[in-house]
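For reference, the structure discussed in these notes is given below.
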Amino acid sequence: MQIYNTLSGKKEEFEPLNPPDVTFYMCGPTVYDLFHIGNGRSFIMSDIFRRYLIYKNYNVKFAMNLTDIDDRIIQKSIDQKIGSDKVADEFTKAFFDDIKKLKVKEADIYPKATEHIQEIIELIKQLELKNLAYESNGDVFFDVSKFPGYGKLSGKKLDELESGARVEVNDAKRNPLDFALWKKAKAGEPFWESPWGNGRPGWHIECSAMSMKHLGESIDIHGGGNDLIFPHHENEIAQSEGASGKQFAKYWMHFGFLNINKEKMSKSLGNFFTAREILNRHSAEALRLLFLQTHYRGPLNYSEDLLESAARGAEKISNYYRLLKEKLSDSSEGKPFDIDLDAFKIKFEAAMDDDFNTPQAVAVLFDLIKSTNKQLTEENSLNQSSLNEVLGFMKASAIDVFGIISEQENQPVRSGLDDQLIRLLINVRTEAKLDKNYTLADKIRDGLTALGISLKDGKEGTTYNIN
RNA sequence: GGCGGCGUGGCCAAGUGGCUAAGGCGAAGGUCUGCAAAACCUUUAUUCAUCGGUUCGAAUCCGAUCGCCGCCUCCA
């Protein structure tokens, strides 16, 4: 299996440090607001990578941090005149609600910055001891010039960075590129006690401290959006490797942006849709399929039409899966599928093994659907074990890895009485049809459609689905 | 200014040296149906931004040109 590593700029063979264990850290949200679908792309794609590693029988430990103290949170707490912890709590809860709706599996651990102040302080002390950090009037900075590998992830050279620097003016810094490890508290800001006085952690240090605490000094995969390469991930490497002397992360993965009209979707540009808003109009499956149909490293120019077309595709896959299940419950024996299922499995895995080429892997699933759908609709009985094999593969790929099939069990539970009432209406409609009273028949069907119940007239009578 | 990425059918998007350029959506025609829905069948790029070059052979490598985007500052 190959993964593109930002560190080398190439695809590399994936060899975890301690197979079959894989440690995977993803930069998570700053909980100051609802996240948008650009952020959602990272959450969903990392979820899918994690699921695929599980599919490959790796024992994955997946961590995603929650940044629950930072400038934007403080700003919001001032604006709303509530504690910064209240702001963080509110949006942490919102984050969990939203990723659940996006069908993102819960991480093994969600470390929070404010719950790791002690570890952060210890890490900064180590950096001071190694002369990689210096204190200046209550702030502590990382001394970029003392870390030889600075710039190795982003491919930037120190002198070039300095010449074009647009960094904040701060006389306390020795070098404009030095970044804060610890920030002195200003009046009215929340703070924690430290050897340098009251203050709070800088943005980058939490990821280093928490990743090393929960996953170890060296981990396998560290991921995030493209915009985190510099300076965030570059700084994480400097801090972590400066302190431990060991490689921080073996593979660095970065996601392309979600654009609108070819511009990056971002809070500051105001051109964003929250995941919550999108989920009011579309299913999680549609959004997941949309993301899967573009390679994760490339940009994705979002539009409502694109999501609409992904929604159709997702429906097609779900319809197919439902039909497979229906045929299976019908107990007769018949012909097996006239396909080589293993060939599809091999192609699916080959695509995923090639740096998570999900567009190609999805295409393999559509190919499978195409080559079995005819038999599925036309044969009145199929071989049960053949059905089971196809169903098993679809479950392993489209459900367990991709999460793009809406299953019956996710739909509102209907009582037996509801079922009987619907069947009663279907029977009345069937009689109306026999009497050629199509006006009445259509009235019943339209009425049920309006209630979210769609009817399907087949050879063996009418069936229904609840949307 | 420095660094990086991209330009493939109506829309989206794989493919990065050699079988007829995947797949999805859309569109057109057909099968089924009272009509639908779903499903199935057929059609839909002699061509991969443009121009040169390398090669027996290029969408894929090299050069130039045009266009678009990102990072260098908080940002997934």
Side-chain angles (χ1 to χ4, degrees), chain A residues 6 9 26-30 35-46 70-72 151 154-157 159-168 177 203 223-232 234 254-259 261-269 272 289-290 292-295 297-303 305-317 319-320 322-323 347 351 354 357-367 369-370 373-378 432-434 436-439 441-442 445-446 449 454-459 462-465:
Chain A
T6 307
M26 260 297 290
C27 283
T30 298
F35 66 86
H36 60 66
I37 52 172
N39 305 312
R41 185 182 187 194
S42 291
F43 301 150
I44 286 175
M45 291 314 288
S46 60
D70 101 313
D71 292 348
R72 289 168 295 176
S154 54
K156 296 187 187 302
K157 296 184 180 70
D159 48 345
E160 286 169 1
L161 273 169
E162 283 169 31
S163 63
R166 284 183 281 160
V167 287
E168 60 182 289
L177 290 170
W203 173 40
N226 261 333
D227 47 4
L228 295 185
I229 297 173
F230 191 90
H232 185 56
E234 195 69 73
H254 292 97
F255 302 99
F257 295 130
L258 191 78
N259 297 331
N261 296 325
K262 300 208 168 180
E263 262 189 333
K264 175 182 171 183
M265 176 180 287
S266 75
K267 285 276 165 61
S268 45
L269 289 170
F272 63 90
L289 182 62
L290 174 66
L292 284 165
Q293 285 184 305
T294 300
H295 189 85
R297 283 192 278 118
L300 197 169
N301 200 23
Y302 176 83
S303 73
D305 283 354
L306 225 47
L307 183 54
E308 184 58 42
S309 92
R312 301 268 166 78
E315 260 171 54
K316 182 171 174 173
I317 298 171
N319 280 337
Y320 170 78
R322 190 165 49 221
L323 194 59
K347 281 186 192 162
D354 179 16
N357 191 337
T358 57
Q360 201 157 65
V362 167
V364 172
L365 298 186
F366 277 112
D367 278 338
I369 291 172
K370 189 170 191 161
N373 230 339
K374 190 175 184 181
Q375 264 180 285
L376 202 56
T377 23
E378 292 181 0
K433 277 168 61 179
L434 287 172
K436 300 214 189 295
N437 184 351
Y438 296 120
T439 315
D442 289 348
R445 184 171 62 193
D446 294 345
T449 304
S454 55
L455 298 189
K456 192 160 78 171
D457 296 336
K459 279 176 191 158
T462 302
T463 55
Y464 72 92
N465 282 303

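Letters A, B, ... mirror the listed sequences (proteins, then strands); counts begin at 1.
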Exercise for the section: Using a 4.0 Å cut-off on protein heavy atoms (strictly under), produce a 5'-to-3' string for nucleotides 17-23 of chain B with B for base contact, S for backbone-only sugar-phosphate contact, and - for none. Expected result: -----BS
Practice task
Could you list the residues that satisfy side-chain contact (heavy atoms from CB on, under 4.5 Å) with N301(A), not counting sequence neighbours?
Solution key: N259(A), K262(A)
Exercise for the section: Looking at every strand, decide which applies to G298(A) at a 4.0 Å heavy-atom threshold: base, sugar-phosphate, or nothing. Expected result: nothing
Could you pull out the protein-nucleic contacts involving nucleotides 36-38 of chain B (nitrogen or oxygen on both sides, under 3.5 Å)?
{"from": "rA36(B)", "atom 1": "N6", "to": "D457(A)", "atom 2": "N", "distance (Å)": "3.4"}
{"from": "rA36(B)", "atom 1": "N6", "to": "D457(A)", "atom 2": "O", "distance (Å)": "3.2"}
{"from": "rA36(B)", "atom 1": "N1", "to": "D457(A)", "atom 2": "N", "distance (Å)": "3.3"}
{"from": "rA36(B)", "atom 1": "N3", "to": "R445(A)", "atom 2": "NH1", "distance (Å)": "3.0"}
{"from": "rA38(B)", "atom 1": "O3'", "to": "N319(A)", "atom 2": "ND2", "distance (Å)": "3.4"}

Problem - Contacts of S266(A) that satisfy side chain to side chain donor-acceptor pair (under 3.5 Å) - sequence neighbours left out - result: S268(A)
Exercise for the section: List in chain and number order the residues that pass side-chain contact (heavy atoms from CB on, under 4.5 Å) with A311(A), two or more places apart in sequence or in another chain; answer none if no residue qualifies. Expected result: H282(A), A286(A)
Show me the protein contacts with nucleotides 7-10 of chain B, counting only N or O atoms at under 3.5 Å.
none

Problem - Contacts of K433(A) that satisfy side-chain contact (heavy atoms from CB on, under 4.5 Å) - sequence neighbours left out - result: R429(A), Y438(A), A441(A), D457(A)
Problem - Donor/acceptor link under 3.5 angstrom from D442(A) side chain onto base of rG34(B) - result: yes
Completion exercise
With sequence neighbours left out, the residues meeting ring pair (Phe, Tyr, Trp, His ring centres under 6.0 Å) with F255(A) are F49(A), Y296(A)
Practice task
Have a look at K156(A) and say if it touches a base, only the backbone sugar-phosphate, or nothing, with a 4.0 Å heavy-atom cut-off.
Solution key: base
Handout entry: Separation of rG70(B) C1' from R297(A) CZ (nearest whole Å)
Key = 15 Å
Practice task
Both distances under 3.5 Å, Watson-Crick or G-U wobble: on that basis, could you give the dot-bracket string for RNA chain B, with [ ] for crossing pairs and | for other-strand partners?
Solution key: ((((((((.[[[..)..(....]]]((((((.......))))))....[[[[[..)....]]]]])))))))....
Problem - Residue list, salt bridge (charged side-chain N to carboxylate O under 4.0 Å, His left out) with E263(A), at least two apart or on another chain - result: none
Exercise for the section: Kindly say if N259(A) contacts the phosphate of rC69(B), meaning a side-chain N or O under 4.0 Å from OP1 or OP2. Expected result: no
Fill in the blank from the handout: On a heavy-atom basis, the closest approach of K264(A) and D227(A) is NZ-OD2, 3.2 Å
Practice task
Give one of base, sugar-phosphate or nothing for M26(A), where a contact means two heavy atoms less than 4.0 Å apart.
Solution key: nothing
Problem - Any R312(A) side-chain N or O less than 4.0 Å from OP1/OP2 of rG26(B) - result: yes
Practice task
Taking only the side-chain nitrogens and oxygens of N373(A), find out if one of them lies under 4.0 Å from OP1 or OP2 of rC40(B).
Solution key: yes
Exercise for the section: Sequence neighbours left out, what passes ring pair (Phe, Tyr, Trp, His ring centres under 6.0 Å) with Y302(A)? Give chain and number order. Expected result: F273(A)
Exercise for the section: Using side-chain contact (heavy atoms from CB on, under 4.5 Å) as the criterion, list what pairs up with P231(A), not counting sequence neighbours. Expected result: H204(A), N235(A)
Exercise for the section: For residues M26(A) and G224(A), report the shortest heavy-atom separation together with the two atoms involved. Expected result: SD-N, 3.8 Å
